[in-house]
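Okay, so here's the structure we're looking at.
The first residue of the sequence shown is numbered 1, and numbering continues consecutively from there.
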Amino acid sequence: MTTAFTEQDTAAMHLAIAASAQALARGDMPFGATLVSPAGAVLMTEMNNQNTAADCTGHAEMVLVRRAQKELGLEAMRGATVYASGEPCAMCSGAMFWGGVGRVVYAASTAQIGEALGGPLLPLRAAGVVNGAMPAVTVEGPLLGEDAVAVLRKFEG
């Protein structure tokens, strides 16, 4: 789904994409995510840590949700927005739902990720995972997809 995005959306996505480049530079998969409060405050940004933490579930969104719950509490995530450099997988979409996130905005789509990285890919899109969820989770994107894809293409896996 494509939406009219705000300057705030674009700024938060730039943070997520910058985190994806940082993850790549340290030897992890090139993905980042930013958590923004319902009031518009940037709460935190995280990056993928699958390799550095030896954790196959260390996707940027999972790392973000885990850290946010520990440091800020679940209440801080209720109705918040997560900006993800890549469209979240089923695992991450579920984690964000359980964390209370109300909106997810992604940069590179699942198809773009598949084209750039190859390898394993879950065919279930983020919106499909949360379709019919109560409370509802809105999934929007792509936003700055080509910027995120440029980082993905630097990955040598």
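- For the residue pair Leu152 and Ala116, the shortest heavy atom distance occurs at CB-CB, 3.8 Å.
- Between the CG atom in Leu143 and the CE atom in Met13 there is a gap of 4.5 Å [rounded to 0.5 Å].
- Side chain of Asn51 to main chain of Gly27: a donor-acceptor pair is present (N/O by atom type, distance under 3.5 Å, no hydrogens or angles).
- Looking at Ser93, Pro88, Cys89, Cys92 one by one, the single match for side-chain contact (heavy atoms from CB on, under 4.5 Å) with Val129 turns out to be Ser93.
- A continuous path of hydrophobic side-chain contacts links Met29 to Tyr83 [ILVMFWY only; heavy atoms under 4.5 Å].
- Two residues are said to be in side-chain contact when any heavy atoms from C-beta on lie closer than 4.5 Å; Val65 and Met96 meet this criterion.
- Side-chain contact between Phe31 and Glu46 is absent, with no heavy atoms from C-beta onward closer than 4.5 Å.
- In terms of modelled atom types and a separation under 3.5 Å, the side chain of Asn131 and the main chain of Gly128 share no donor-acceptor contact.
- You'll find the side chain of Val137 reaches within 4.5 Å of the side chain of Val104, heavy atoms only.
- Around atom CD of Glu71, more than 12 heavy atoms belonging to other residues, nucleotides or ligands sit under 6.0 Å away.
- Residues Ala148 and Ala107 come closest through the heavy atom pair CB-CB, 3.6 Å.
- There is no side-chain donor-acceptor pair under 3.5 Å between Glu87 and Ser109.
- Considering CD of Gln50 and CE of Met62, their distance stands at 10.5 Å, rounded to 0.5 Å.
- Following chains of ILVMFWY side-chain contacts shorter than 4.5 Å, one cannot reach Val82 starting from Leu122, and the two form parts of different hydrophobic clusters.
- Hydrophobic clustering keeps Val42 apart from Val63 (ILVMFWY residues linked when any side-chain heavy atoms are closer than 4.5 Å, directly or through intermediates).
- Taken to the nearest 0.5 Å, the CG atom of Leu117 stands 6.5 Å off from the CZ atom of Phe155.
- Residues Leu72 and Met77 have side chains not in contact (no heavy-atom distance under 4.5 Å, counting atoms from C-beta outward).
- With values rounded to the nearest 0.5 angstrom, Leu24 atom CG is found 10.5 Å from Ser85 atom OG.
- In summary, the side chains of Thr57 and Arg66 do present a donor paired with an acceptor at a separation below 3.5 Å, with no hydrogens or angles considered.
- Taking CE from Met134 and CZ from Phe97, the interatomic distance works out to 9.0 Å, rounded to the nearest 0.5 Å.
- A 4.5 Å side-chain heavy-atom check between Val151 and Ile17 finds at least one atom pair inside the cut-off.
- Distance CG/Leu64 to OG1/Thr45: 7.5 Å, rounded to 0.5 Å.
- For residues 11-24, the set of pairs meeting the side chain to side chain donor-acceptor pair (under 3.5 Å) definition, not counting sequence neighbours, is empty.
- Between Tyr106 and the choices Glu61, Glu140, Arg125, the side-chain hydrogen bond (donor to acceptor under 3.5 Å, both in side chains) rule is met once, by Arg125.
- With Leu43 as the fixed residue, the side-chain contact (heavy atoms from CB on, under 4.5 Å) test singles out one of Val36, Leu35, Thr34, Thr81: Leu35.
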Would Asn49 and Thr52 count as a side chain to side chain donor-acceptor pair (under 3.5 Å) if you check the C-alpha gap in whole Å, the side-chain angles of each, and the deciding distance to 0.1 Å?
CA-CA 5 Å; Asn49 69 6; Thr52 54; 5.4 Å; no
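- Val101 is not connected to Met47 by any chain of hydrophobic side-chain contacts under 4.5 Å among Ile, Leu, Val, Met, Phe, Trp and Tyr, and they are in different clusters.
- Met44 is connected to Leu74 through a chain of hydrophobic side-chain contacts under 4.5 Å among Ile, Leu, Val, Met, Phe, Trp and Tyr, so both are in one cluster.
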